[in-house]
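As a basis for the values below, the full set of heavy atoms in this structure was taken, side chains included, without hydrogen atoms, waters or symmetry mates.
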Amino acid sequence: MRQATTTTGGPALSTQNRLGRRLIQLYAGLALYGASSALLVEAGLGLEPWGVLHQGLAELTGLSIGVVSIIVGAAVLLLWIPLRQRPGLGTVSNVFVVGIAMDATLAAVPDAHGLAVRIPLLLAAIVLNGVATGLYIAAHFGPGPRDGLMTGLHRRTGRSIRLMRTAVEVAVVVTGFTLGGTIGIGTVLYAVSIGPLAQLFLRVFAVLPASDGSTVVATGQPRGAILRP
């Protein structure tokens, strides 16, 4: 009887362990994403597309960039309703955790002065963003609200995800820059490097198939992921 209990409990325990790992990956990834976005702000050499909008709105409203990120994420999530997108745990968590982590990091990190500090900080922030993206996407708890907007537009319009992503992010960058957001070499470097970095770390952090043959997280890139919360 003792041996049977162990055998029966094995797969269940394994599944629980994988669920625990996925939850850790999700929240570690989202927190690190917020921290990396804050480091991009500190570097002052250009932000990621949505970061440009968040910073511009923060300049306009006087709110912190983290609070603006939460408000924008919630607003984008509302757009999922007409697009018939279904949020997951990761989607809702993304709205709050990233913004909170951004403000916490900005409060803790001293101001960066001089290119000798700002350039390494920019590079570290981009790499950390790739790590964070791989962590939270590999956890497989649903896309971020901004990714879901793009995939929803793709399904509703029949246009390619690449076209929807480009159209949305160009509009976001232009609007953010007009409001005072920072565009620079960091924006360009982020755009060309985040895809390969995220793909690399997706493979690093992928949860292996369960021993009973079921797959908790695919070892490749999850379908529909656009590599951004």
Checklist entry - Looking at CG of L89 and CG of L23, how far apart are the two atoms once the value is rounded to the nearest 0.5 Å? => result 6.5 Å
Checklist entry - Taking only residues at least two apart or on different chains, which pairs with a member in residues 55-79 satisfy side chain to side chain donor-acceptor pair (under 3.5 Å)? => result Q55-T182, S64-D103
Item to check | P145 versus G73, closest heavy-atom pair with distance | outcome: CB-O, 3.8 Å
Item to check | Minimum heavy-atom distance between A31 and V97, given as atom pair plus value | outcome: N-CG1, 3.8 Å
Checklist entry - Are E169 and W50 close enough, and set up right, to give a side-chain contact (heavy atoms from CB on, under 4.5 Å), and what steps lead you there? => result CA-CA 7 Å; E169 292 193 348; W50 284 93; 4.3 Å; yes
Item to check | Cluster overlap L115 with L40, hydrophobic side-chain contacts below 4.5 Å | outcome: yes
Next on the checklist: Within this structure, what is the CD1-CG distance for the pair I194 and N129, rounded to the nearest 0.5 Å?
Outcome noted: 4.0 Å
Checklist entry - Which pair of heavy atoms, one from L179 and one from L60, lies closest together, and at what distance? => result CD2-CD2, 4.1 Å
Checklist entry - Taking all atoms of both residues into account, what is the closest heavy-atom pair of A101 and A35, and its distance? => result CB-N, 4.2 Å
Checklist entry - Under a single-linkage definition using a 4.5 Å side-chain heavy-atom cutoff for Ile, Leu, Val, Met, Phe, Trp and Tyr, are M150 and V76 assigned to the same hydrophobic cluster? => result yes
Checklist outcome for this item: So the side chain to side chain donor-acceptor pair (under 3.5 Å) pairs with at least one residue in residues 82-93 (sequence neighbours excluded) are Y27-S93, Q85-T151, Q85-R155
Next on the checklist: Hydrophobic cluster membership, with links at side-chain heavy-atom distances under 4.5 Å among I/L/V/M/F/W/Y: are L53 and L79 in one?
Outcome noted: yes
Checklist entry - What heavy-atom pair brings I126 and S193 nearest, and what distance separates the two atoms? => result CG2-OG, 3.3 Å
Checklist entry - Pick one: which of L122, V188, I183, T187 meets side chain to side chain contact (heavy atoms under 4.5 Å, CB included) with L45? => result L122
Item to check | Residue pairs fulfilling side chain to side chain donor-acceptor pair (under 3.5 Å) with at least one residue in residues 111-128, sequence neighbours excluded | outcome: none
Item to check | Atom pair CD1/CG of I161 and D147 - distance to nearest 0.5 Å | outcome: 9.0 Å
Item to check | H54 NE2 to I71 CD1 distance, which is reported to the nearest 0.5 Å | outcome: 10.0 Å
Checklist entry - How long is the gap from CG on L30 to OG1 on T133, to the nearest 0.5 Å? => result 9.5 Å
Next on the checklist: Under the criterion side-chain contact (heavy atoms from CB on, under 4.5 Å), I'd like the reasoning laid out for V72 against R146: C-alpha separation, chi angles, the key distance, then a yes or no.
Outcome noted: CA-CA 9 Å; V72 171; R146 297 156 185 84; 4.0 Å; yes
Next on the checklist: Classify the ring geometry of F201 against F205: parallel below 30°, tilted from 30° to 60°, perpendicular beyond 60°.
Outcome noted: parallel
Checklist entry - Are I185 and L39 co-members of a hydrophobic cluster defined by side-chain heavy atoms under 4.5 Å apart? => result yes
Item to check | Minimum-distance pair of heavy atoms, taken over all atoms of V173 and V52 | outcome: O-CG1, 3.8 Å
Item to check | With sequence neighbours excluded, residues passing side-chain hydrogen bond (donor to acceptor under 3.5 Å, both in side chains) with S37 | outcome: E48
Next on the checklist: Once side-chain hydrogen bond (donor to acceptor under 3.5 Å, both in side chains) is applied, do any residues pair with T166, and if so which ones, sequence neighbours excluded?
Outcome noted: none
Checklist entry - Are any of the side-chain heavy atoms of E42 and T105 separated by less than 4.5 Å? => result no
Checklist entry - Does any N or O in the side chain of R22 come within less than 3.5 Å of the main-chain N or O of H140, such that one atom is a donor and the other an acceptor? => result yes
Next on the checklist: Tell me if a side-chain donor or acceptor on T175 pairs with a main-chain N or O of V172 at a distance below 3.5 Å.
Outcome noted: no
Checklist entry - Can you list the other members of the hydrophobic cluster that holds L78, where links are side-chain heavy atoms under 4.5 angstrom apart? => result I81
Item to check | Approximate separation, where rounding is to 0.5 Å, of R156 CZ and L83 CG | outcome: 6.5 Å
Checklist entry - Are V109 and I119 joined in one hydrophobic group, where the rule is that I, L, V, M, F, W and Y side chains link up if heavy atoms are under 4.5 Å apart? => result yes
